[in-house]
Amino acid sequence: MCGIVGIVGKSPVGQSLYDSLTVLQHRGQDAAGIVTVDQGMFHLRKANGLVRDVFRNRHMQRLTGSFGIGHVRYPTAGSSSSAEAQPFYVNSPFGIAFAHNGNLTNAEELQQEVFKTARRHINTTSDSELLLNIFAYELQNSASLVLQPEEVFEAVAKVHSKIRGAYAIVAAIIGHGMVAFRDPYGIRPLALGKRVTEKGEEYMVASESVAMDAVGFKFIRDVAPGEAVFVTEDGQLFTQQCADNPTHAPCIFEFVYFARPDSFIDGMSVYASRVNMGRKLGQKIAREWADMDIDVVIPIPETSCDVALQIAQELELPYRQGFVKNRYIGRTFIMPGQVMRRKSVRQKLNAISSEFAGKNVLLVDDSIVRGTTSEQIIDMAREAGAKKVYFASAAPEIRFPNVYGIDMPSANELIAHGRDIEEICDLIGADGLIYQDIADLVTAVSEENNDITRFDTAVFDGNYITGDVDQAYLEHIDSMRNEDAKNNSNQLELSNLEMHNIESEAS
């Protein structure tokens, strides 16, 4: 999962891009980058790390210009190479900088096609660089020297016809303007905003509406599935539907976990959706666990807090904050590497023993993915003195890999894959475990916008919305992931050996 932003302004946009990425930091903590355009030149800064660490004063001073794009990244395949930090750049046609949120499901065949047809070399394993070169090739074939909106839209339409998967895109084209578009299913979010200044109208696109709130832009609407937006450098806005048969099916996991609660996605409040999840799950707990002797409801901060509060109200039980979160530790779910995730849980959370001692507690989390975090948190609750620890998940069982840009591509890593609830409960060490029903989850979100009745729920039910994912594909990406893990392990061993040799020589 990544975060993207683009602004075409009337005054310098470097600071606004920085502020927007800071607000979108929850979407990726591996790398960050900004490209601005000034007097026909790209100015780029990107590197591994958090936004605040990547951009120093000396970098911001060079990011001049009233037009630019930005990106925060986390790797979907375990790679954290700085070579894959975005935005990417190609010099033809015109000069294009490009940022992408999502994942392509036909990347391998596309890479061969790009080489054979366009004679373009892809220098990283990132499907974002691949997508950029496909877009650049189509734009080059259809564009005149002075780029027209209809030529942009024709190129986007050809991109839609070739690629499959989930994607939200923003691109800066030197001398012409900003292009943004969204996959025909609207799996990944993309919002459009506007700000009126004394110098004229400014436009912005971002993964979440909250980024616009942070820099004074007014949210206009969501970019429709398959739609493209083109904003010229002088601030003219053009939009067009570029997909043949768009279908609105946003990723429901955005509402469960990824998005900030103060965002609106496709007309649906993330906060209200989570409150609805809590109401639905609270009602299920009341029906099925009427004989459970629960004393207190405690959330696992922070995504589940709104859910847990509503559950407590439904059950007429006390709601307490039983864990203190260290806000200087990243989100464990999006940290690459199982060892790092395990190590970081204890660094991130600490229990308030007085809220657990002698009590039967109901812990509430947004979801259970690998189960290692849940197991450690249940252990912490027992160590703090809890008599019994029950566990509730605001999302259904995650039984299937995600192929649309979320880092859970291997079924073997998912605790619910091939197991029933009783087995999962035993593995995480809970005294009782309850999950949200998938129908209730869909209802909880769709209540906020009745026009959307379909969601990408593949991680729960195995129904992949793009229709091109089969068992052979899942086995292939699983093998690729294992190979990446092996290579990363070998690289770590070599690094440790080199360090040992250096230390030996020094002694």
Please lay out, stage by stage, how L192 and D222 fare under the test side-chain contact (heavy atoms from CB on, under 4.5 Å). CA-CA 6 Å; L192 175 65; D222 295 280; over 6 Å; no
Kindly state each residue pair satisfying side-chain hydrogen bond (donor to acceptor under 3.5 Å, both in side chains) with at least one member in residues 426-436, sequence neighbours excluded. R382-D431
Between the side chains of D366 and S304, is a donor N or O closer than 3.5 angstrom to an acceptor N or O? no
Would you check if the side chain of K46 reaches a backbone N or O of A85 as a donor-acceptor pair within less than 3.5 Å? yes
Not counting sequence neighbours, which residues clear side chain to side chain contact (heavy atoms under 4.5 Å, CB included) with I294? List them please. W289, M292, L317, L362, Y390
Counting heavy atoms not belonging to R52, are there more than 12 under 6.0 Å from its CZ? no
If you define the side chain from C-beta out and look only at heavy atoms, does anything of F181 sit under 4.5 Å from L190? no
Do Q61 and N57 have a side chain donor and acceptor closer than 3.5 Å? no
List the steps, then state whether side-chain contact (heavy atoms from CB on, under 4.5 Å) holds for Y203 with I220. CA-CA 10 Å; Y203 288 95; I220 299 175; 4.3 Å; yes
Y271 OH: over 12 foreign heavy atoms closer than 6.0 Å: no
Among residues two or more places apart or on two chains, list those pairs meeting side-chain hydrogen bond (donor to acceptor under 3.5 Å, both in side chains) that have a residue in residues 207-216. H26-E208, R27-E208, E208-S263
Q376 side-chain N/O to T373 backbone N/O, donor-acceptor pair under 3.5 Å: no
Please confirm whether the backbone N or O of Q29 pairs with a side-chain atom of R73, one donor and one acceptor, at under 3.5 Å? no
Pair E375, I415 - check side-chain contact (heavy atoms from CB on, under 4.5 Å), show working. CA-CA 11 Å; E375 179 186 2; I415 193 170; over 6 Å; no
Could you check whether E397 pairs with R419 (Lys NZ or Arg NE/NH1/NH2 to Asp/Glu carboxylate O, under 4.0 Å)? no
Min side-chain heavy-atom separation P225-D183 under 4.5 Å: no
Ring pair (Phe, Tyr, Trp, His ring centres under 6.0 Å) between Y89 and F42, worked out: CA-CA 9 Å; Y89 162 78; F42 278 135; 5.3 Å; yes
With a 4.5 Å heavy-atom cut-off, do I438 and D461 have their side chains touching? yes
E448 and S269 side chains, donor-acceptor separation under 3.5 Å: no
Between Y404 and T105, is there a side-chain donor-acceptor contact under 3.5 Å, judged purely by atom types and distance? no
Output, in order, the C-alpha distance, side-chain angles, deciding distance and verdict of side-chain contact (heavy atoms from CB on, under 4.5 Å) for C425 and F391. CA-CA 8 Å; C425 184; F391 205 96; over 6 Å; no
ring-ring contact (aromatic ring centres under 6.0 Å, His included) contacts in which one or both residues fall within residues 350-380, not counting sequence neighbours: F323-F356
For the residue pair E129 and T124, confirm or rule out a side-chain donor-acceptor distance under 3.5 Å. yes
Are I300 and V364 side-chain neighbours, meaning at least one heavy-atom pair lies under 4.5 Å? no
Main-chain N/O of V13 paired to S16 side chain as donor or acceptor, under 3.5 Å: no
Which of Q313, Q310, K280 passes side-chain contact (heavy atoms from CB on, under 4.5 Å) with V275? It is Q310
Provide the full list of ring-ring contact (aromatic ring centres under 6.0 Å, His included) pairs with a residue in residues 410-430, sequence neighbours left out, each pair given once. none
State, yes or no, whether a side-chain contact exists between I69 and I4 at a heavy-atom distance under 4.5 Å. no
Does a side-chain heavy-atom distance below 4.5 Å link I452 with S446? no
Are D266 and R182 close enough, and set up right, to give a salt bridge (charged side-chain N to carboxylate O under 4.0 Å, His left out), and what steps lead you there? CA-CA 12 Å; D266 293 318; R182 194 176 179 193; 2.9 Å; yes
Using only atom types and a distance under 3.5 Å, with no angle test, would you say the side chain of Q86 pairs donor to acceptor with the backbone of H100? yes
For E447, give me all partners under side chain to side chain donor-acceptor pair (under 3.5 Å), at least two apart in sequence or on another chain. N276, R279
When rounded to the nearest 0.5 angstrom, what distance separates CD in Q15 from CZ in F55? 11.0 Å
Less than 4.0 Å between a side-chain N and a carboxylate O, is that true for D440 and K284? no
